Number of protein chains: 2
Amino acid sequence: MDEKDLRILKTIASERINSPERIHEHTGIPKSTVHYRIEQLREKGVILNDLYEMDLSKVGLSIVLISEVYAEYEEDYHESVGERIGEIEGVNQVYFTMGDTDFIVIAHVTDRRMVEDLVESYESIDEIRRTSSKFVITTVKNESHPINDFEHETLVEAILEE
Amino acid sequence: MDEKDLRILKTIASERINSPERIHEHTGIPKSTVHYRIEQLREKGVILNDLYEMDLSKVGLSIVLISEVYAEYEEDYHESVGERIGEIEGVNQVYFTMGDTDFIVIAHVTDRRMVEDLVESYESIDEIRRTSSKFVITTVKNESHPINDFEHETLVEAILEE
DNA sequence: ATTGAAACTTGATCGTT
DNA sequence: AACGATCAAGTTTCAAT
């Protein structure tokens, strides 16, 4: 992969774009070249589907880390703490959970060094007390769409009532 | 929302489609009607972006549950156990982690009843010993693309080397 | 709110370099 | 491999119901 592929991937990621035309607009790379490059990226398994989702392991983000991040209880600070966590490089998902006040954070990184940076970044936030992380060996499933679930009776009722 | 919206949403979810033409092919609903309905769904905030991702809370899946599922250690059983977890209604993400052999599972459901069903389903799998769940209060961030990260030096190097 | 047909925009292909 | 020109396919608009 070269610098041109990188520009295309960057555009897909940052603009959430999935069309050759838009990529062309953003990068200035001619439509037909974009088309050609996208095909190559597809063959390499970097771009996975029509939604231009990418295999993060194929762009160097091979380590997946799931962390529990415990925060000091402070009225209304949770959203802002959560957002600060979300801004850290590599962090893709941040959930604020009930009960013991804490965040569950999923991040994708390149190497051990970035893992250390990540944990350090979490702990450098004032309100954060403690973190505990697990490495993912395999991502068995990762779907953002509720496939199959639309057959569920309760769900169908809920939708129709809206 | 009515039965026609439901058919459109079902098609988007199960076929991972993001084009009016394809939805038309799958449902038989005329192109221009699909177009009109999609606009409405967009205004209602159900469909979020050009990738036709949907706000799960707007389709009745308002409860997010993150569970740790501990499995009996058995050689090579992990993938199959993981896949069985992934097939359970409501489950969107399944990660198999290092160390203490267990799965981290993220699910979206409609109500308390479905939460119970979910936990019961996990525990009905032979190899599974114990589960522990947390409710999500707010999803602070949920991105499948590595936005911003493409600025990271280590990552850029990793990509260019491929 | 729905639709068929028209107008327009974009995506895919192809031939040349 | 890159790309401008061409053609096929898709998306969006519009007027009628």
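Letters go in sequence order (proteins before strands), and every chain restarts at 1. Just so you know, these numbers use all the heavy atoms, side chains as well, and skip hydrogens, waters and symmetry mates. Not measured: the values here are computed from a predicted model.
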Could you check which residues of residues 1-16 of chain A get a heavy atom under 4.0 Å from DNA chain C? Sort them by number, please.
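The answer is none.
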Strand contacts (DNA chain C) in residues 38-46 of chain A, 4.0 angstrom heavy-atom criterion
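Per residue number, the list is empty: none.
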Does OP1 or OP2 of C/dG4 have a side-chain N or O of B/Ser32 closer than 4.0 Å?
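Negative; the distance criterion is not met.
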Do we get B/Arg129 above B/Tyr122's six-membered ring, with its NZ or CZ under 6.0 Å from the centre and within 45° of the axis?
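Checked: cation-pi criterion not met.
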Under 4.0 Å between a Lys/Arg side-chain N and an Asp/Glu carboxylate O for [X] and [Y]?
{"X": "A/Arg16", "Y": "B/Asp50", "answer": "no"}
{"X": "B/Glu68", "Y": "A/Lys134", "answer": "yes"}
{"X": "A/Arg7", "Y": "A/Glu3", "answer": "yes"}

From the set C/dT3, C/dA12, D/dT12, return the single nucleotide nearest to any side-chain atom of B/His35.
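Closest of the options to the side chain of B/His35: D/dT12.
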Tell me which residues in residues 19-27 of chain B lie within less than 4.0 Å of DNA chain D, going by non-hydrogen atoms.
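Output list: B/Ser19, B/Pro20, B/Glu21.
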Same cluster or not: are B/Met1 and B/Ile47 linked, directly or through other Ile, Leu, Val, Met, Phe, Trp or Tyr residues, by side-chain heavy atoms under 4.5 angstrom apart?
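In one cluster with B/Met1: B/Ile47, yes.
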Should B/Ile128 and B/Tyr70 be counted in the same cluster of Ile, Leu, Val, Met, Phe, Trp and Tyr side chains packed under 4.5 Å apart?
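Different hydrophobic clusters.
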Straight-line distance of B/Leu155 CG to A/Leu6 CG, nearest 0.5 Å
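These two atoms lie 8.0 Å from each other.
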What is the distance from CD1 of B/Ile17 to P of D/dT11, rounded to the nearest Å?
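Between P of D/dT11 and CD1 of B/Ile17: 10 Å.
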Would you kindly give the NZ-to-C1' distance between A/Lys31 and D/dC7, to the nearest whole Å?
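Checked: the NZ to C1' distance equals 12 Å.
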Side-chain donor-acceptor pair present, B/Thr131, B/Glu123, cut-off under 3.5 Å:
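Short answer, yes.
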Is there a donor-acceptor pair under 3.5 Å between the side chain of B/Lys141 and the backbone N or O of A/Gln93?
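Not at all, since once roles are kept as given, no pair shorter than 3.5 Å links the two residues.
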Name the orientation class of the two ring planes belonging to A/His78 and A/Phe96 (parallel below 30°, tilted from 30 to 60°, perpendicular beyond 60°).
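Ring orientation of A/His78 relative to A/Phe96: parallel.
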